[in-house]
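Note that this is a predicted model, so its numbers are computed, not measured.
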Amino acid sequence: MSRAVVVGGGTAGWFAALTLRRMFAPRVEVRVIESPDIGIVGVGEGGLLNLVEALHRCGIDLDEFVRETGAAFKLGFSYEGWRTGAEDDRYYHLFGRPGLPETDWIERGFYPLFSGMVHEGIGLHHYIPGFAEIASNATQQETAAMLRQGPGSGLSASFHFDSHKLADYLRRVAVSRGVVHQQARVDELVCDEQRMARSLRLDGGEIVGLDLLIDASGLARLGIGKKLGVRWNSFSKHLLLDRAVPFHMPHPQPNPSLVTRAIAMPSGWMWQIPLVERVGAGYVFSSAHTDETQVIDEIHRRIGPDVEPMRTLRFEPGHFEQVWVGNIMAIGLASGFVEPLEATSIGQMLEQLRNFERIVTASNGVVSGFLIEGFNEANARCWSGIRDFLRMHYDCPRRDTAFWRDVGALPLPASYAELRQCFQQRTPRLVDVQDYAIHGWQSIFHVINWLFVAAPLGVVPPEAATAELASLPAVSRRRVATRMAELRRSSVLA
Ligand SMILES: Cc1cc2nc3c(=O)[nH]c(=O)nc-3n(C[C@H](O)[C@H](O)[C@H](O)COP(=O)(O)OP(=O)(O)OC[C@H]3O[C@@H](n4cnc5c(N)ncnc54)[C@H](O)[C@@H]3O)c2cc1C
C-alpha cells in the first residue's frame with residue numbers, strides 16, 4: 001500500500017487523516033483532498049464523551065484544543081418545552097460520571113437509587129452535586145475547578161466548539177504530522193470491475209492513484225452513495241425532521257450555558273450551542289409542517305430581528321446499509337445523518353473510526369470480508385440505537401400543533417416499541433441496551449442516558465419503579481428511603 005486518500009476536510013475528514021497517519025507506516029502517504037469552494041457544513045458544534053477520548057487517542061492536548069477551537073465545557077443537554085411548553089418546562093440529560101452511589105449501586109439488575117427517584121418523581125439531575133454550577137451559570141474557570149474534584153462532582157465533560165476552527169486546527173495538527181493537504185475538487189472517483197477505488201480525477205484534470213479511500217465528502221456523498229449506489233436505510237418513517245436553518249446569536253446569559261439547549265418550537269426544535277464567543281444555533285424542522293419563510297419569521301420573533309439565518313440544510317434521516325465496501329469507507333455525513341438531537345453525528349463518526357482502526361490494525365492490514373460485514377452490521381445496529389433513542393424523545397406529551405400531534409403519532413420502530421413496553425413495567429437496565437453495540441463496538445449512550453430522558457417524559461412511569469423497589473431486602477429499602485429524604489430536602493432547597 002502506498003497511498004490512502006481522504007476526500008473532505010471537515011471534522012470527519014481531519015479526524016480520519018489523523019487516525020490513518022497513526023495507523024500506517026510513514027512510507028504510506030496519507031492525503032486529504034478538499035474543495036475550499038464547496039466548504040464544510042459548519043454546524044456540528046457539540047461533542048459527546050467519546051470526543052474527549054478521540055482527542056486523547058490523537059495525542060491532542062485539551063488545553064490547546066480549547067484555546068484553538070473557541071471550545072466551552074459541555075455537561076449535557078437541557079430540554080425546554082417538550083412536555084407542557086410552559087416557561088418552567090425543562091428537563092436535563094446530563095453526562096453523569098461513575099463514582100456516586102446512584103450510578104454504582106446495582107441490585108437485582110437495576111439501580112435502586114434511580115428507581116427511588118423515578119418512584120418519587122424527583123428529577124434525575126438532583127443527584128448530581130455539580131448541577132449547582134449548571135443552575136448558577138458558572139464561569140468556565142469555576143466549572144474547571146468543579147470538574148477537578150473528580151467523581152465527587154458526578155459529572156463528566158465534553159465540549160462545545162467552533163466547527164470551522166476545529167477543522168482548521170485538526171488540519172494544522174495533521175499537516176504537522178506529515179499528512180499531505182491538497183485543495184482541489186474531486187470530479188470523479190474511478191473504480192475497477194470489483195468496485196475497488198483506484199483513482200480520483202480532480203478539477204484540473206490531475207489523476208490521483210490510491211489504495212484506500214475514506215469518503216468524508218459530507219452531504220455530497222461521493223463514494224458509497226453516488227459512485228457505488230449502496231442502499232440507503234431511511235428513518236423518515238420514525239423521525240420527521242428533515243431541514244435546518246442555522247444561525248449565530250449572542251449569549252442570552254452572562255456566561256456560556258454548560259449544556260446544549262434543545263428548545264421545542266411549533267414545527268420542530270431549536271438548538272443553542274454556547275461557545276466562548278457566541279452561540280451556534282439553528283431551527284431544525286419538518287418540511288411537511290412548515291417552510292423556511294415561517295421558520296425564519298419564528299426565529300426573528302423569538303431571538304430578535306438582527307439574526308441572520310444561514311443557508312437551509314436539507315437531509316433525509318438515515319444511513320447507508322454498508323459504509324465499508326472493499327477499499328472505500330464512508331464516514332461522517334457521507335455515511336449517514338439524523339437530526340442533531342443528542343449530537344450523535346460526530347459521536348457515531350468517531351466510533352466508526354475507532355473500530356476501523358481496531359480492525360485494520362488487528363488484521364495487520366489484511367482484512368477479511370467477514371470482518372467488514374461485521375463492521376457494517378455493527379454500524380447499522382448503532383444507528384438503530386440512535387434512531388430508537390431519538391424516537392423516545394418524541395414520546396412526549398406535547399400535542400398543541402400539527403407537528404407535535406403528528407410526530408407523537410409516528411410508528412415506533414419495533415425494537416423501541418418492545419423496550420417501551422418493558423419500561424412501563426420496570427426501569428431500564430444495562431441488558432436492555434447492550435445489543436445496540438455488537439462486534440466490539442461501544443454504545444454511544446449508556447442505559448443511564450436513556451433513563452435521563454425516559455423518566456421525565458413518563459416513558460418510565462413512577463409505578464414502574466414501585467414493584468422492583470418492593471422486591472429489595474429491607475436493608476436496601478431503608479438505604480433508598482434515607483437517600484430519597486436527603487434528595488427531597490436538597491431539591492426543595494435548589
Ligand atoms: C443541522 C446540523 C446540525 C448538526 N449538529 C451536530 C451536533 O450538534 N453534533 C454533532 O456531533 N454533529 C452535528 N451535526 C453533524 C456534523 O456537522 C458532522 O457530523 C460533522 O461536521 C462532520 O461533517 P463532515 O466532515 O462529514 O462533512 P463536512 O463538514 O460537510 O465536510 C465535507 C468536506 O467534503 C468536501 N467535499 C465535498 N465534495 C467534494 C468534492 N467534490 N471534492 C473535494 N472535496 C469535497 C468539502 O469541501 C468539505 O471539506 C450537525 C449536522 C447538521 C446538518
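- In summary, the side chains of Tyr416 and Asp395 do present a donor paired with an acceptor at a separation below 3.5 Å, with no hydrogens or angles considered.
- No side-chain donor from either of Arg57 and Thr19 sits under 3.5 Å from a side-chain acceptor of the other.
- Counting non-hydrogen atoms of other residues, nucleotides and ligands closer than 6.0 Å to CD of Gln253 gives a total above 12.
- The closest side-chain donor-acceptor pair between Glu351 and Asn379, if any, does not fall under 3.5 angstrom.
- A donor atom on one side chain and an acceptor atom on the other are not found under 3.5 Å apart for Glu342 and Thr344.
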Go through the steps for Tyr283 and Trp271 under the test ring pair (Phe, Tyr, Trp, His ring centres under 6.0 Å), then give the verdict.
-> CA-CA 7 Å; Tyr283 186 158; Trp271 78 85; 9.5 Å; no

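- Arg358 CZ: more than 12 foreign heavy atoms inside a 6.0 Å radius.
- Within the cation-pi definition used here (under 6.0 Å to the ring centroid, within 45° of the axis), Arg90 does not qualify as a partner of Trp82.
- Heavy-atom neighbours of Glu277 CD from other residues, nucleotides or ligands within 6.0 Å: at or below the threshold of 12.
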Salt bridge (charged side-chain N to carboxylate O under 4.0 Å, His left out) between Arg108 and Glu468, intermediate numbers included = CA-CA 9 Å; Arg108 301 190 179 204; Glu468 63 191 14; over 6 Å; no

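- For Ala71, the side-chain contact (heavy atoms from CB on, under 4.5 Å) test picks out Phe65, Val66, Thr69, Phe159, Phe161, with sequence neighbours left out.
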Please assess Tyr111 against Trp105 for the test ring pair (Phe, Tyr, Trp, His ring centres under 6.0 Å), listing each intermediate value before the final yes or no.
-> CA-CA 6 Å; Tyr111 296 87; Trp105 178 21; over 10 Å; no

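- Residues Ala264 and Gly81 share a closest heavy-atom pair of CB-O, 3.3 Å.
- A ring-ring contact (aromatic ring centres under 6.0 Å, His included) with His319 is found for exactly one of Trp232, Phe337, Trp383, namely Trp383.
- A heavy-atom distance below 4.5 Å is found between the side chains of Ile303 and Met270.
- The residues Asp432 and Arg426 are annotated as salt-bridged, a charged nitrogen and a carboxylate oxygen being separated by less than 4.0 angstrom.
- Using a 4.0 Å cut-off between charged side-chain N and carboxylate O, Arg243 and Asp291 make no salt bridge.
- Looking at Arg483 and Glu102, a side-chain N of the basic residue comes within less than 4.0 Å of a carboxylate O on the acidic one, giving a salt bridge.
- For the pair Glu298 and Arg301, the salt-bridge criterion is not met [side-chain N within less than 4.0 Å of a carboxylate O].
- Side-chain N/O atoms of Ser476 and Glu107 include a donor and acceptor closer than 3.5 Å.
- Between Phe445 and Phe389, the ring planes lie tilted relative to each other; the angle falls in the 30° to 60° range.
- Shown are Val279, Val307, Ile296; of these, the side chain to side chain contact (heavy atoms under 4.5 Å, CB included) with Phe247 is made only by Val307.
- Side-chain contact annotation: Tyr169 with Glu64, donor-acceptor N/O pair under 3.5 Å present.
- Using a 4.0 Å cut-off between a side-chain N of Lys or Arg and a carboxylate O of Asp or Glu, Glu45 and Lys74 do not qualify as a salt bridge.
- Judged as a salt bridge (charged side-chain N to carboxylate O under 4.0 Å, His left out), the pairs with a partner in residues 399-418 (not counting sequence neighbours) are, in order, Arg398-Asp400.
- Under 3.5 Å, the side chains of Asp388 and Tyr436 contain a donor-acceptor pair of N or O atoms.
- Inspection of the Glu357 and Thr361 side chains reveals no N or O donor paired with an N or O acceptor under 3.5 Å.
- Residues Gly408 and Arg391 approach most closely at O-NH2, 3.4 Å, considering heavy atoms.
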